[in-house]
Amino acid sequence: MSEVKSLDERIERIYNMSKEHFGEVRFAGIKKHTKIGWVAKVQFDEFDSLIAEGDTAIDAVKNLRKRLKKIIERYNTV
């Protein structure tokens, strides 16, 4: 049986990935927006925020992690 990760663990993983690659992270979290649904966000001190949306909280966090991984992969190939 596969291990089910909690939302806190997923957000912690995104926070650690962001901090490791980009440096200082001001905020990493999720909130429910009345018009668009769940929004996951990582806010940096020196860059713009990264935002991803999803139908559920877990979907939003997964989408943000995928987006973050793509950016890191692109950066590492340059």
A.B. asks: When rounded to the nearest 0.5 angstrom, what distance separates CG in L68 from CG in L64?
C.D. replies: 6.0 Å
A.B. asks: Looking only at atom types and distance, does a side-chain atom of R10 sit under 3.5 Å from a main-chain N or O of I58, one as donor and one as acceptor?
C.D. replies: no
A.B. asks: Quick one: pull up NZ in K5 and CD in E12 and give me the separation to the nearest 0.5 Å.
C.D. replies: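 The NZ atom of K5 sits 13.5 Å away from the CD atom of E12.
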A.B. asks: Drop me the distance from R67's CZ to I72's CD1, to the nearest 0.5 angstrom.
C.D. replies: 12.5 Å
A.B. asks: Which pair of heavy atoms, one from A52 and one from A60, lies closest together, and at what distance?
C.D. replies: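 Reported closest heavy-atom pair: CB-O, 3.8 Å.
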A.B. asks: In Å, rounded to the nearest 0.5 Å, how long is the span from NE2 of H21 to CZ of F44?
C.D. replies: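 One gets 9.0 Å once the value is rounded to the nearest 0.5 Å.
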A.B. asks: Could you state the interatomic distance from CD1 (I30) to OG1 (T56), rounded to the nearest 0.5 Å?
C.D. replies: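 It comes to 7.5 Å.
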A.B. asks: Sequence neighbours left out, what pairs pass salt bridge (Lys or Arg N to Asp or Glu O under 4.0 Å) with at least one residue falling in residues 37-50?
C.D. replies: R26-D45
A.B. asks: Does NZ in K32 sit with more than 12 non-hydrogen atoms of other residues, nucleotides or ligands closer than 6.0 Å?
C.D. replies: yes
A.B. asks: Is F47 reachable from V25 through a run of hydrophobic residues whose side-chain heavy atoms are each under 4.5 Å from the next?
C.D. replies: yes
A.B. asks: Who are the ring-ring contact (aromatic ring centres under 6.0 Å, His included) partners of Y15, not counting sequence neighbours?
C.D. replies: none
A.B. asks: Between Y75 and F22, is there shared hydrophobic-cluster membership here, with clusters defined by ILVMFWY side-chain heavy atoms closer than 4.5 Å?
C.D. replies: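 Different clusters.
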A.B. asks: Is a side-chain N or O of E20 found less than 3.5 angstrom from the main chain of M17, in a donor-acceptor match?
C.D. replies: no
A.B. asks: Treat each ILVMFWY residue as a node, draw an edge where side-chain heavy atoms are under 4.5 Å apart, and state whether I14 and I71 are in one component.
C.D. replies: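 I14 clusters together with I71.
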A.B. asks: Quick check: closest heavy atoms across A28 and I11, and the distance to 0.1 Å?
C.D. replies: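 Answer, listing the atom of A28 first, then I11: O-CG2, 3.6 Å.
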